[in-house]
Amino acid sequence: MSNEKQVDSGRRGLLVATCAAGSVVGLATAGALVSTFQPSEKAKAAGAPVEVDLAGMLPGEMRTVEWRGKPVWIVKRTPEMVASLKLTDGKVADADSKRNPEEYTPEYARNEHRSIKPELLVAVGICTHLGCSPSTKFTPGPQASLPDDWEGGFLCPCHGSTFDMAGRVFKNKPAPDNLQVPRHMYLSDTKLVIGKDEKGEA
């Protein structure tokens with residue numbers, strides 16, 4: 001009889017140990033599974049607003065920062081660049097940025113210069129045709145792959161789409177829309193936030 005009790009207690013101990021081990025494995029597996037649904041720090045950073053220091057930017061200079069894995073151009077336009085927009089109004093396909101406005105142009109950038117401040121362009125540097133990255137062609141005048149009356153802007157070398165100094169696509173080009181203007185706001189004269197505005201929208 002005592003032997004049976006010893007066997008039962010031994011089995012009971014083995015059963016408890018097995019259940020405990022199973023619980024630990026189950027919790028570890030559940031923890032690993034739950035962690036896959038939580039965004040990593042890198043993923044959080046990829047979607048987070050980006051703060052940019054504009055101090056020291058010179059007229060005609062362009063800086064590129066990354067936001068959500070996309071290149072965002074910040075161009076400090078010269079007075080001549082801003083003035084050129086009136087000359088391209090009749091040549092671009094969507095001068096007032098009315099096509100797909102919510103996706104490509106926030107309400108405060110639906111103007112001729114497509115920006116909050118006329119001298120500063122903030123635009124995603126990805127062509128709206130097939131996702132290529134246009135090159136800068138700020139110098140006006142005749143040059144390869146550009147019209148003789150070129151006023152300065154951007155050229156997508158893949159399929160020839162051209163954009164003016166406000167990122168507005170020219171007529172009869174493959175790109176269907178202007179370059180995207182991300183939501184942005186200024187914290188001061190030299191501090192820009194990309195990916196967020198006064199409404200808190202990204």
Side-chain angles (χ1 to χ4, degrees), residues 31-58 60-77 81 92-94 97-111 113-117 119-138 145 152-170 173-202:
L33 186 61
V34 169
S35 69
T36 62
F37 293 108
Q38 296 174 346
S40 65
E41 290 304 316
K42 186 175 181 181
K44 289 178 185 176
V50 176
E51 188 172 314
V52 185
D53 186 359
L54 304 177
M57 274 196 82
L58 300 174
E61 183 182 346
M62 182 176 89
R63 291 183 185 174
T64 304
V65 298
E66 185 178 344
W67 171 69
R68 292 186 174 179
K70 303 174 184 178
V72 176
W73 296 335
I74 303 160
V75 182
K76 189 166 185 178
R77 293 178 283 210
M81 289 174 172
V92 295
D94 184 18
S97 300
K98 290 182 178 178
R99 292 184 191 171
N100 305 314
E102 292 304 320
E103 183 179 358
Y104 289 98
T105 314
E107 60 278 4
Y108 44 80
R110 291 174 208 158
N111 48 51
H113 40 82
R114 298 189 77 229
S115 59
I116 297 172
K117 298 183 178 185
E119 73 277 15
L120 283 166
L121 171 67
V122 180
V124 175
I126 297 176
C127 181
T128 55
H129 179 218
L130 293 177
C132 304
S133 184
S135 56
T136 57
K137 296 291 181 180
F138 292 169
S145 302
F154 307 91
L155 166 68
C156 185
C158 300
H159 299 93
S161 292
T162 47
F163 304 86
D164 70 359
M165 287 304 306
R168 301 180 299 181
V169 66
F170 281 81
K173 296 295 179 179
D177 295 291
N178 297 334
L179 297 180
Q180 180 187 5
V181 173
R183 290 196 172 273
H184 62 283
M185 58 188 275
Y186 292 92
L187 300 179
S188 70
D189 287 342
T190 58
K191 294 289 183 183
L192 167 69
V193 174
I194 298 169
K196 184 179 179 180
D197 55 22
E198 285 81 356
K199 293 183 177 180
E201 297 179 22

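We count residues from 1, following the sequence as given. Just so we're clear, the structure is a prediction, and the values are computed from it rather than from any experiment.
- Distance alone, capped at 3.5 Å, is enough to place a donor-acceptor pair between the Tyr108 side chain and the His184 backbone.
- Not one N or O on the side chain of Arg114 forms a donor-acceptor pair closer than 3.5 Å with the backbone of Asn178.
- Between Met185 atom CE and Ile194 atom CD1 the span is 12.5 Å, to the nearest 0.5 Å.
- Contact between Leu121 and Ala166 at its shortest, heavy atoms only, is CD1-O, 3.9 Å.
- The only member of Val122, Leu192, Val50 that meets side-chain contact (heavy atoms from CB on, under 4.5 Å) when paired with Val72 is Val122.
- Across all non-hydrogen atoms, the minimal contact from Thr128 to Asp177 is OG1-O, 2.6 Å.
- In terms of heavy atoms, Phe163 sits closest to Phe170 at C-CE1, 3.6 Å.
- Pro182 and Trp67 get closest at one heavy-atom pair: CB-CZ3, 3.7 Å.
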Exercise for the section: Give the intermediate values and the outcome of side-chain contact (heavy atoms from CB on, under 4.5 Å) for residues Lys191 and Glu51. Expected result: CA-CA 7 Å; Lys191 294 289 183 183; Glu51 188 172 314; 3.6 Å; yes

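- Here the closest non-hydrogen pair linking Gly125 and Pro134 is O-CD, 3.6 Å.
- Although no hydrogens or angles enter the test, the distance criterion places a donor-acceptor pair under 3.5 Å between the side chain of Asp94 and the main chain of Arg99.
- With no hydrogens or angles considered, no side-chain donor-acceptor pair links His159 and Ser161 at under 3.5 Å.
- Here the straight-line distance linking atom CD1 of Ile126 with atom SG of Cys132 works out to 10.0 Å at 0.5 Å rounding.
- Although no hydrogens or angles enter the test, the distance criterion places no donor-acceptor pair under 3.5 Å between the side chain of Thr190 and the main chain of Asp53.
- To the nearest 0.5 Å, the span separating NE2 on His113 from OG on Ser97 amounts to 11.0 Å.
- Arg110 contributes a side-chain N or O that, together with a main-chain N or O of Thr105, makes up a donor-acceptor pair within less than 3.5 Å.
- Note that CE of Met165 is 9.0 Å distant from OG1 of Thr136, once rounded to the nearest 0.5 Å.
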Exercise for the section: Just do the side-chain contact (heavy atoms from CB on, under 4.5 Å) check on Leu130 and Cys158 with the steps written out, would you? Expected result: CA-CA 9 Å; Leu130 293 177; Cys158 300; over 6 Å; no

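- For the residue pair Arg77 and Ser115, the shortest heavy atom distance occurs at NH2-OG, 2.9 Å.
- In terms of modelled atom types and a separation under 3.5 Å, the side chain of Lys76 and the main chain of Met57 share a donor-acceptor contact.
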